[in-house]
Novice: 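Quick one: structure below, then a few questions.
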Amino acid sequence: QDAAVNCDTAQEDIVHLQHEKKSTDERIAKGVFSIMPIGLALNATESVAQSGSQKEMEINKYNEKLTQRIAEIKQACGIK
């Protein structure tokens, strides 16, 4: 289950996740294949959020999870 959305911090969370996504896009362009999610971005990945531990994951899957989490926050808080 994904982490709950906090609408009080939604804007900041989205900015952070978008920054992480941009960084991930740059890593993909450099040929990186996996990544260790950290910080708020942990909540963007179901398996890592569930286990409570850091695990390396395939970078494209991580990027997809970031996109999904941004959309989830926007929907939950009515942000366009």
Side-chain angles (χ1 to χ4, degrees):
Q1 182 172 340
D2 289 335
V5 174
N6 181 347
C7 291
D8 291 337
T9 62
Q11 293 290 351
E12 294 86 1
D13 294 347
I14 290 169
V15 168
H16 177 79
L17 291 170
Q18 287 173 332
H19 176 75
E20 181 71 10
K21 188 166 170 34
K22 180 181 176 193
S23 175
T24 301
D25 288 338
E26 291 169 358
R27 291 181 192 136
I28 290 170
K30 292 178 182 177
V32 175
F33 296 106
S34 62
I35 192 165
M36 183 82 72
I38 58 171
L40 174 67
L42 281 173
N43 293 329
T45 62
E46 295 172 29
S47 60
V48 175
Q50 285 178 358
S51 70
S53 64
Q54 292 185 350
K55 294 183 181 177
E56 199 169 296
M57 71 184 320
E58 195 271 323
I59 197 162
N60 287 321
K61 183 166 180 67
Y62 178 64
N63 211 21
E64 289 171 19
K65 292 290 185 179
L66 290 171
T67 300
Q68 290 170 1
R69 183 63 175 167
I70 291 167
E72 179 184 314
I73 292 169
K74 285 181 176 182
Q75 181 180 8
C77 299
I79 299 170
K80 302 214 180 228

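No hydrogens, no waters, no symmetry mates; every other heavy atom, side chains included, goes into these values.
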Novice: Using 0.5 Å steps for rounding, measure from the CD atom of Gln11 to the CD1 atom of Ile79.
Specialist: 4.0 Å
Novice: Give a yes or no on whether the backbone of Glu20 and the side-chain of Thr24 come within a donor-acceptor separation of less than 3.5 Å.
Specialist: yes
Novice: Are His19 and Val15 close enough that some pair of their side-chain heavy atoms sits under 4.5 Å apart?
Specialist: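 The answer is no, as the side chains (C-beta and beyond) never meet within the 4.5 Å cut-off.
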Novice: State, yes or no, whether a side-chain contact exists between Asp13 and His16 at a heavy-atom distance under 4.5 Å.
Specialist: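 No, every pair of side-chain atoms sits at 4.5 Å or beyond.
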Novice: Is the shortest side-chain heavy-atom distance between Thr9 and Asn6 below 4.5 Å?
Specialist: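 Yes; the side chains approach each other to less than 4.5 Å.
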Novice: Are there more than 12 heavy atoms of other residues, nucleotides or ligands under 6.0 Å from atom CD of Gln75?
Specialist: no
Novice: Kindly compute the distance separating CG (Leu17) from CG (Leu66), expressed to the nearest 0.5 Å.
Specialist: 6.0 Å
Novice: Restricting to non-hydrogen atoms, name the atom on Ala10 and the atom on Cys77 that form the minimum distance, rounded to 0.1 Å.
Specialist: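 Residues Ala10 and Cys77, closest heavy atoms: CB-SG, 3.8 Å.
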Novice: Regarding Asn63 and Asp25, do their side chains bring together a donor and an acceptor under 3.5 Å, going by distance alone?
Specialist: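 Yes, side-chain donor-acceptor contact under 3.5 Å.
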Novice: If you round to the nearest 0.5 Å, how far is CZ of Arg27 from CZ of Phe33?
Specialist: 14.5 Å
Novice: How long is the gap from OG on Ser34 to CG on Asn60, to the nearest 0.5 Å?
Specialist: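 Nearest 0.5 Å value for the OG-CG distance: 11.0 Å.
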Novice: Salt bridge check, Arg69 against Glu72: does any charged N sit closer than 4.0 Å to a carboxylate O?
Specialist: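 Yes, this pair counts.
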Novice: Drop me the distance from Ile73's CD1 to Ile14's CD1, to the nearest 0.5 angstrom.
Specialist: 5.5 Å
